[in-house]
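Both counts, for ligands and for their atoms, begin at 1 and track the order of listing.
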Amino acid sequence: MKVSVVIPAAGQGRRMGGSVAKQFLDLCGEPVLIRTLRVFLDHPLISRAVLAVSPGTEEEVRCLLDRFRVPAERVTVTAGGKERQDSVRNGLDQLEEEWVLVHDAVRPFVTRDQITSLVEQVQIHDAAVLAVPVKDTIKEVTSSKTVAGTLERSRLWAVQTPQAFRRTLLVQAHREGKKRGIAATDDAMLVEAMGVEVRVVEGDYSNLKLTTPEDLVLAEAIWKMRSHGYDQSGTRV
Ligand SMILES: Nc1ccn([C@@H]2O[C@H](COP(=O)(O)OP(=O)(O)OP(=O)(O)O)[C@@H](O)[C@H]2O)c(=O)n1
Ligand SMILES: C[C@](O)(CO)[C@H](O)COP(=O)(O)O
């Protein structure tokens, strides 16, 4: 069974601020991107990874992989695009494996078991995403900042990555989404638009997407917690 991963890593990190794109920031001694990449390359089910990076930085990223001794023969570096959706589509063009995972470069805390669960589920359902139940009450708000309504929290999940798909399905979903002008914030949205059911696999809240500065503080705490042998619930593993 062949499974590959596309890692969109071409973002600018505008919400994070600073001069260095957040995927290249140091996380306890290694760049975020390297830490994320290692989880997949160390997984027995993952054959290879495609990194979609800012156009023109491909060689710089290859040097970074070399510096951190990432096995280059299992990583293809390609140009990303204007939006995350474009970067993923470009990454997909480099693949031929039957199954594909898509995972944000800035989510370094995905676990081996979560990847295994997604691979198991995608082979049954063709599409599967990692998600956690929402903890806050979510309201729809008008442009004039008044509440338009409150969503039923018991039905709301915060979807993360990895998101796993039969590759041909995701390629078709991206093609149709582009044709229809769908601006998708995740890949599952494009598959849903085709009327295909997407399976939800429960993850955990430590699978943080580094987005704003306070996430860096959380990331360091999560890394240290895991390095000292504790899982996300604080239980010694
Ligand atoms: N054109 C883009 C935009 C985003 N990404 C990647 O998609 C992931 C999730 O995107 P996000 O957290 O929004 O990253 P940025 O777009 O960099 O953040 P911002 O919106 O704050 O600029 C990140 O790994 C980012 O590098 C990408 O590959 N190509
Ligand atoms: C794909 C994603 O991580 C799922 O939660 C999220 O939609 C990415 O959003 P971003 O604005 O591109 O970070």
Side-chain angles (χ1 to χ4, degrees), residues 5-25 27 30-40 49-58 60-61 64 75-95 100-110 114-115 118 127-136 138 156-165 170 173-174 177-178 182-193 198-216 218-219:
V5 58
V6 174
I7 299 181
Q12 296 173 46
R14 287 178 296 267
R15 289 168 287 180
M16 182 61 79
S19 56
V20 176
K22 56 189 179 177
Q23 57 270 33
F24 299 111
L25 291 175
L27 174 59
E30 284 198 333
V32 170
L33 169 62
I34 298 294
R35 293 203 177 281
T36 302
L37 188 52
R38 284 197 203 287
V39 183
F40 289 91
V50 177
L51 296 184
V53 301
S54 291
T57 70
E58 294 91 330
E60 188 183 329
V61 172
L64 185 73
V75 182
T76 301
V77 180
T78 192
K82 183 173 179 297
E83 304 297 336
R84 180 185 182 280
Q85 189 174 334
D86 304 315
S87 296
V88 173
R89 190 175 57 251
N90 291 357
L92 280 174
D93 289 347
Q94 306 296 323
L95 296 177
V100 62
L101 275 63
V102 182
H103 184 68
D104 299 326
V106 292
R107 287 186 189 266
F109 299 114
V110 60
Q114 287 166 350
I115 294 170
L118 277 169
V129 298
L130 212 51
V132 288
V134 165
K135 294 189 275 189
D136 297 319
I138 306 296
L156 297 179
W157 288 63
V159 173
Q160 306 171 339
T161 67
Q163 300 190 357
F165 307 91
L170 187 58
H174 268 267
K178 185 171 171 63
I182 299 174
T185 53
D186 76 344
D187 298 276
M189 186 175 160
L190 297 168
V191 170
E192 294 155 39
V198 176
R199 189 79 179 170
V200 173
V201 176
E202 184 161 0
D204 69 61
Y205 296 102
S206 67
N207 184 22
L208 187 66
K209 180 167 72 75
L210 306 189
T211 308
T212 49
E214 59 275 3
D215 293 331
L216 297 176
L218 288 173

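Of the protein's non-hydrogen atoms, Gly11 N, 3.5 Å is the one closest to atom 5 (N) of ligand 1. When hydrogens are left out, the protein atom nearest atom 20 (O) of ligand 1 is Arg15 NH2, 3.0 Å; that is the closest non-hydrogen contact. Protein heavy atom nearest atom 9 (C) of ligand 1, with residue, atom name and distance: Asp104 OD1, 3.7 Å. In terms of protein heavy-atom proximity, atom 24 (O) of ligand 1 is nearest to Pro8 O, 2.8 Å. Counting only heavy atoms of the protein, atom 12 (O) of ligand 1 lies nearest to Lys22 NZ, 2.8 Å. Here the protein heavy atom with the shortest distance to atom 29 (N) of ligand 1 is Ser87 OG, 2.8 Å. The shortest contact between atom 10 (O) of ligand 1 and any protein heavy atom is with Arg84 CD, 4.4 Å. Nearest protein neighbour of atom 22 (O) of ligand 1, counting heavy atoms only, is Arg14 N, 2.7 Å.
A donor-acceptor distance shorter than 3.5 angstrom exists from the side chain of Asp86 to the backbone of Glu83, with no hydrogens or angles considered. Between the side chain of Arg107 and the backbone N or O of Gln160, no donor-acceptor pair lies under 3.5 Å. Listed for the Gln114 side chain is no donor-acceptor partner under 3.5 Å among the backbone atoms of Gly203.
There is a side-chain donor-acceptor pair under 3.5 Å between Gln163 and Asp186.
In this structure Arg84 satisfies the salt bridge (Lys or Arg N to Asp or Glu O under 4.0 Å) test together with Asp104, Asp187, sequence neighbours excluded. With sequence neighbours excluded, the residues that form a side chain to side chain contact (heavy atoms under 4.5 Å, CB included) with Thr57 are Val53, Ser54, Glu60, Val61.
In this structure, Gln94 CD and Leu51 CG are separated by 11.0 Å, a value rounded to the nearest 0.5 Å. To the nearest 0.5 angstrom, Glu192 atom CD is 8.5 Å from Leu190 atom CG. If you take CG on Leu216 and CG on Leu27, they are separated by 8.5 Å, rounding to the nearest 0.5 Å.
Pairs passing the salt bridge (charged side-chain N to carboxylate O under 4.0 Å, His left out) check and including a residue from residues 10-23, sequence neighbours excluded, do not occur.
In this structure the side chain of Leu25 never reaches within 4.5 angstrom of the side chain of Leu210, judged on heavy atoms.
Those atoms of ligand 1 that come under 4.0 Å of a heavy atom in Lys82, given as number and element, are 1 (N). Of all atoms in ligand 1, numbered sequentially from 1 with element shown, those under 4.0 Å from a heavy atom of Ala105 are 24 (O).
Here the rule is side-chain contact (heavy atoms from CB on, under 4.5 Å) with Val100, and of Val5, Val88, Leu170 only Leu170 fits it.
Between Thr211 and ligand 1, no N or O atom pair is found at a separation short of 3.5 Å. Considering both main-chain and side-chain atoms, Ala10 comes within under 3.5 Å of ligand 1 through a nitrogen or oxygen pair.
Look at Gly13 and you'll find a heavy atom under 4.0 Å from some atom of ligand 1.
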Could you go through ligand 2 and note, for every N or O atom, any protein N or O atom closer than 3.5 angstrom, writing the atom names and distance to 0.1 Å, or 'none'?
residue, atom, partner, partner atom, Å
ligand 2, 3 (O), Asp104, OD2, 2.6
ligand 2, 3 (O), Arg107, NH2, 3.0
ligand 2, 5 (O), Arg107, NH2, 3.2
ligand 2, 5 (O), Val159, O, 2.6
ligand 2, 7 (O), Thr185, O, 2.8
ligand 2, 11 (O), Arg15, NH2, 3.0
ligand 2, 13 (O), Arg15, NH2, 3.3
ligand 2, 13 (O), Lys209, NZ, 2.5

